[in-house]
Trainee: 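One structure is given below, represented as structure tokens, and several questions about it will come after.
Below, read A as the first sequence line, B as the second, and so on, with proteins coming before strands; counting in each chain starts at 1.
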Protein chains: 2
Amino acid sequence: MIDGHSIAGIIDVAADAGVSPTTVSHALSGKRAVSAKTRLKIQESVARLNYQPNLVARGLRSQRTHTIALLVADISNPYYPEVASGVHDVLTRDGYLPFVCNTNGVAEAERTFLAEFVARSVDGIIMHPMALAPAEIRFIVGRRVPVVIIGEDDGSHSVDFVRSDDRTGISAGVSYLHDQGHRSIGFISGPVGIGPGDARLISFRLAVAALGLRTDDEWIARGPYTRDGGLDAGARILASSTPPTAIMCANDLIAIGAMDAARAAGLAIPSDIAIIGCDNIGIADLVSPRLTTIDNNARGVGIACAETLLLRIADGPDAVARHTALPTRLVIRQSA
Amino acid sequence: MIDGHSIAGIIDVAADAGVSPTTVSHALSGKRAVSAKTRLKIQESVARLNYQPNLVARGLRSQRTHTIALLVADISNPYYPEVASGVHDVLTRDGYLPFVCNTNGVAEAERTFLAEFVARSVDGIIMHPMALAPAEIRFIVGRRVPVVIIGEDDGSHSVDFVRSDDRTGISAGVSYLHDQGHRSIGFISGPVGIGPGDARLISFRLAVAALGLRTDDEWIARGPYTRDGGLDAGARILASSTPPTAIMCANDLIAIGAMDAARAAGLAIPSDIAIIGCDNIGIADLVSPRLTTIDNNARGVGIACAETLLLRIADGPDAVARHTALPTRLVIRQSA
DNA sequence: ATGAAAGCGCTAACAG
DNA sequence: CTGTTAGCGCTTTCAT
């Protein structure tokens, strides 16, 4: 036996079992009652011929492929595997094939992938957009394919959104810094209009204002969501006329870069400068000092996305959109 | 305009352009000469109707889906995104849609995914098996779907393999430790029969023997490819009657766990105990002390896998199998 | 350079 | 409970 893959089709099974292809189809799908005797014959034939349904043909005929695309900006960012894990566990349980594609944060790649998913008749898309606005996503994908967007909603009620409720976690972080005696707190965000940085910066400003702390524009910097981005932005903040005593960052990689910048400036962490990240990726617990950060429950986001998508598939395109915000929490380690 | 997704089919385009669907198909695929005037008309109709070919139908008819599955054991392991990145760049350039699926290292999941890929008529599979042997993979997938396996080849010449040449890098690591004065070197591998640990342990034994160093069974331990696995295994080695002065590890996560174990035992790194990892994942440069490790060129492996797969697709199943070994190198940082 | 007809493998719609 | 017919949307013969 060299080859475990036979090329038997449903017609071969039907002939072998002495029934019609339709009956074989229904015996396998359970969509129509089939007598026990017939079902047994069919199961024997399926096993004997090693029949594997052609899922492409099934998809064309039934207009449902049982595939779900998860489109992420940077699979190297450890945040996404967590989301993917949650998505995976929920969807495989329901018989879907979830698969991951990677845009590298390029807007044109986001467009290309979305169009490709539609052309391939995926049953749903879960996406963390880096460059595309929800309206454009909806425009590209159309109404036939359900989309769940990870991130801040745009106010419209025509798309499902799932997000981490950064505000609670960031507020907790700022309060914690305040309790530690910090009165001047900086923030490093991502590039304008890209990713979660804008929203996190707003949450930060609100939290700071709520405590009656002042903010200085010199304490706010932006850069790519990378270690190097954090290094540059951190260095700029630390070079300001009166540097802050603490810095919050829009993600953990930026925070790790900011720690590099602090060390390069000869500052001790957290005694000279406290640093807090966002995301609580695996690395956060491995760096030195261990990173205090906001856990955004990435796996929970993945689970919520998958569940939202399944509900949307069940309810159809006209059902009211769901906007889910999952709580975040401060994880106190050593960097603050 | 609420919906960017039209439901125009090739028949609508043909009617709009005043030609047959056959001609539209050929105008788009370029598989048959079409007059310039006709092609222009068709392009206009395609644009006006916003025609998007149905790729499921195309796949059923042409028996080629232009999809490539990348099956990995643990997408959370930072090694895989690197591989995926290389795979992605090569395959998208050739018009394929590469997608990633995750088995969590469960043998049954590997089987299930492979069968699903065949049923979905993917044009190729790139896989890093954790539990399945090459023969079983070939058996499940059959001859129709090309497979490139990441890892040690099994001696047969019926499957394409791509691997990092661990031996050169591990040999360099052992020599380096020897140069530093180490004469007793331990090794932490993965579970028996799972992943690259077995082969790396063999390479280690050869390198140690080549330098005339003795090995002690107490200095060899095994555990899961995780930080906790490295912590446990490292603690066991350090608790042996005469602990080694250096430990090499089958991957970086194990090495980071071994560093935990060393610290827990009150040992300084690298002065009391030197530690070397394998893979050079991003974290390796972020931990403290920064991890000396063997870079296995994960992105290069991804590129080689994709190129091997494309050649296999072009050459057919009967062409001789390619076994590619990419060089690895020692990256000296602080832990050794 | 183009069209007509057939069919990829399956399931839905329509019968009994 | 089962079968017959039709057709998902496209590409491939085969014919001109």
Trainee: Partners of A/Arg312 by side-chain hydrogen bond (donor to acceptor under 3.5 Å, both in side chains), sequence neighbours excluded?
Mentor: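 Residues passing side-chain hydrogen bond (donor to acceptor under 3.5 Å, both in side chains) with A/Arg312: A/Asp160.
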
Trainee: I need the CD-P distance between B/Gln63 and C/dC10, as an integer number of Å.
Mentor: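 My rounded result for the distance is 11 Å.
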
Trainee: Atom CG of A/Leu60 and atom C1' of C/dT11: how far apart are they, to the nearest Å?
Mentor: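 My rounded result for the distance is 10 Å.
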
Trainee: Would you call B/Phe161 and B/Thr324 a side-chain contact if the rule is heavy atoms closer than 4.5 Å?
Mentor: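 Result no, sub-4.5 Å side-chain heavy-atom pair not found.
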
Trainee: Is there a side-chain contact between A/Ser35 and the phosphate of D/dT2, meaning an N or O under 4.0 Å from OP1 or OP2?
Mentor: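 A/Ser35 to D/dT2 OP1/OP2: side-chain N or O found under 4.0 Å.
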
Trainee: Is B/Glu44 paired with B/Lys41 through a side-chain N to carboxylate O contact shorter than 4.0 Å?
Mentor: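 So B/Lys41 does not pair with B/Glu44 through a salt bridge.
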
Trainee: Answer yes if the side chains of B/Thr23 and B/Ser20 hold a donor-acceptor pair under 3.5 Å, and no otherwise.
Mentor: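 Result is yes, a qualifying pair exists.
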
Trainee: Give a yes/no answer on whether the side chain of B/Lys31 brings an N or O atom under 4.0 Å of OP1 or OP2 in D/dT11.
Mentor: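 No.
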
Trainee: For B/Arg144 and C/dC8, what is the distance between atoms CZ and P respectively, to the nearest whole Å?
Mentor: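 These atoms are roughly 13 Å apart.
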
Trainee: Mind calculating the distance between CG (A/Leu55) and C1' (C/dT11) to the nearest angstrom?
Mentor: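 After rounding, the gap between these two atoms is 13 Å.
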
Trainee: Strictly below 4.0 Å, N to O, side chains only: are A/Arg163 and A/Glu152 in salt-bridge contact?
Mentor: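 So A/Arg163 pairs with A/Glu152 through a salt bridge.
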
Trainee: When we call it a touch if two heavy atoms are under 4.0 Å apart, what does B/Thr38 touch: a base, just sugar-phosphate, or nothing?
Mentor: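 Sugar-phosphate contact only.
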
Trainee: B/Leu49 has an atom CG; how far is it from atom P of D/dG9, in whole Å?
Mentor: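 For the pair B/Leu49 CG and D/dG9 P, the rounded distance is 15 Å.
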
Trainee: Please report the distance, rounded to the nearest Å, between CZ in B/Arg58 and P in C/dG9.
Mentor: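 My rounded result for the distance is 18 Å.
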
Trainee: Measure CG/A/Asp12 against P/C/dG9 and give the value in whole Å, please.
Mentor: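 So the CG-P distance, A/Asp12 to C/dG9, works out to 9 Å.
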
Trainee: Within the structure shown, what part of the strands sits under 4.0 Å from A/Val56 by heavy-atom distance: base, sugar-phosphate, or nothing?
Mentor: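 Since no nucleic acid heavy atom lies under 4.0 Å of A/Val56, the category is nothing.
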
Trainee: So if I apply the side chain to side chain contact (heavy atoms under 4.5 Å, CB included) rule between A/Leu310 and each of A/Asp123, A/Asp94, A/Ile68, A/Asp315, which one comes out positive?
Mentor: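 It is A/Asp94; the other options fail the test.
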
Trainee: Would you mind telling me which residue lines up with the more 5' stretch of DNA chain D, B/Val24 or A/Val34, judged by nearest nucleotide?
Mentor: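 The residue closer to the strand's 5' end, by nearest nucleotide, is A/Val34.
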
Trainee: What pairs of nitrogen or oxygen atoms, one from the protein and one from nucleotides 4-7 of chain C, lie under 3.5 Å apart?
Mentor:
| from | atom 1 | to | atom 2 | distance (Å) |
| --- | --- | --- | --- | --- |
| C/dA4 | N6 | B/Thr22 | OG1 | 2.9 |
| C/dG7 | N2 | B/Arg61 | NH1 | 3.4 |
| C/dG7 | N3 | B/Arg61 | NH1 | 3.4 |

Trainee: Could you tell me the separation between the CD1 atom of B/Ile42 and the P atom of C/dA1, rounded to a whole number of Å?
Mentor: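 Roughly 13 Å, once rounded to whole Å.
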
Trainee: Any side-chain donor-acceptor pair under 3.5 Å between A/Thr308 and A/Arg322?
Mentor: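 Absent: no donor and acceptor within the cut-off.
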
